[in-house]
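Here the structure comes first, spelled out in structure tokens, and everything after it is commentary.
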Amino acid sequence: MAGQPTAFKLWVRSEGHDQRTRLEVVDRNGTLHTIEPAFITEPGWQQITYDVPDGMAYPVSLRRIFFNEINPDARYTGTLVLDELTAVAAG
């Protein structure tokens, strides 16, 4: 990604089943950084902000965005809709 993003923002629509959301970026040195901002607990649309950790070696590459359930006993079905991933750059 060009520039030095300080955060990534993503709109997500879900049923609010308490999934954990993660974003992975790889920095200039090849180091993988996993950013875990929150759990999705509310149904409907919400914007999630993934703050880039201090000391990141730019440029960075987005590796993946993923959602997972951490409760091994959870049983449900549902849909996650992702929209408008944006990078936020300082100044």
**Request:** Say whether I35 and V12 are linked into one hydrophobic cluster, either directly or through other cluster members, by side-chain heavy-atom distances under 4.5 angstrom.
**Result:**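 In one cluster with I35: V12, yes.
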
Taking atom [atom1] of [X] and atom [atom2] of [Y], what is their separation to the nearest 0.5 Å?
X: E84; Y: Q47; atom1: CD; atom2: CD; answer: 8.0 Å
X: L23; Y: T34; atom1: CG; atom2: OG1; answer: 8.5 Å
X: L62; Y: E24; atom1: CG; atom2: CD; answer: 9.0 Å
X: E36; Y: R22; atom1: CD; atom2: CZ; answer: 4.0 Å
X: D18; Y: I70; atom1: CG; atom2: CD1; answer: 7.0 Å

Quick check against the 3.5 Å criterion: does [X] have a side-chain atom that pairs as donor or acceptor with the backbone of [Y]?
X: N29; Y: T31; result: no
X: T49; Y: K9; result: no
X: R13; Y: V81; result: no

So which heavy atom on [X] is nearest to which on [Y], and how close?
X: D27; Y: M56; result: CB-SD, 3.6 Å
X: S14; Y: E42; result: OG-O, 3.9 Å
X: A7; Y: D51; result: CB-OD1, 3.7 Å

Check whether any side-chain heavy atom of [X] sits under 4.5 Å from a side-chain heavy atom of [Y], and report yes or no.
X: F66; Y: L80; value: no
X: V26; Y: V60; value: no
X: P37; Y: T21; value: yes
X: F67; Y: I40; value: yes

**Message:** Taking side chain to side chain contact (heavy atoms under 4.5 Å, CB included) as the criterion, tell me which of T86, I65, V25, I48 meets it with F8.
**Reply:**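 That would be V25.
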
**Prompt:** Please walk me through it: do Y58 and V52 pass side chain to side chain contact (heavy atoms under 4.5 Å, CB included)?
**Reply:** CA-CA 11 Å; Y58 292 99; V52 174; 3.7 Å; yes

**Request:** Can you tell me which residue pairs pass the ring pair (Phe, Tyr, Trp, His ring centres under 6.0 Å) test with a partner in residues 10-38, sequence neighbours excluded?
**Result:**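 Pairs touching residues 10-38 that pass the test: H17-Y76.
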
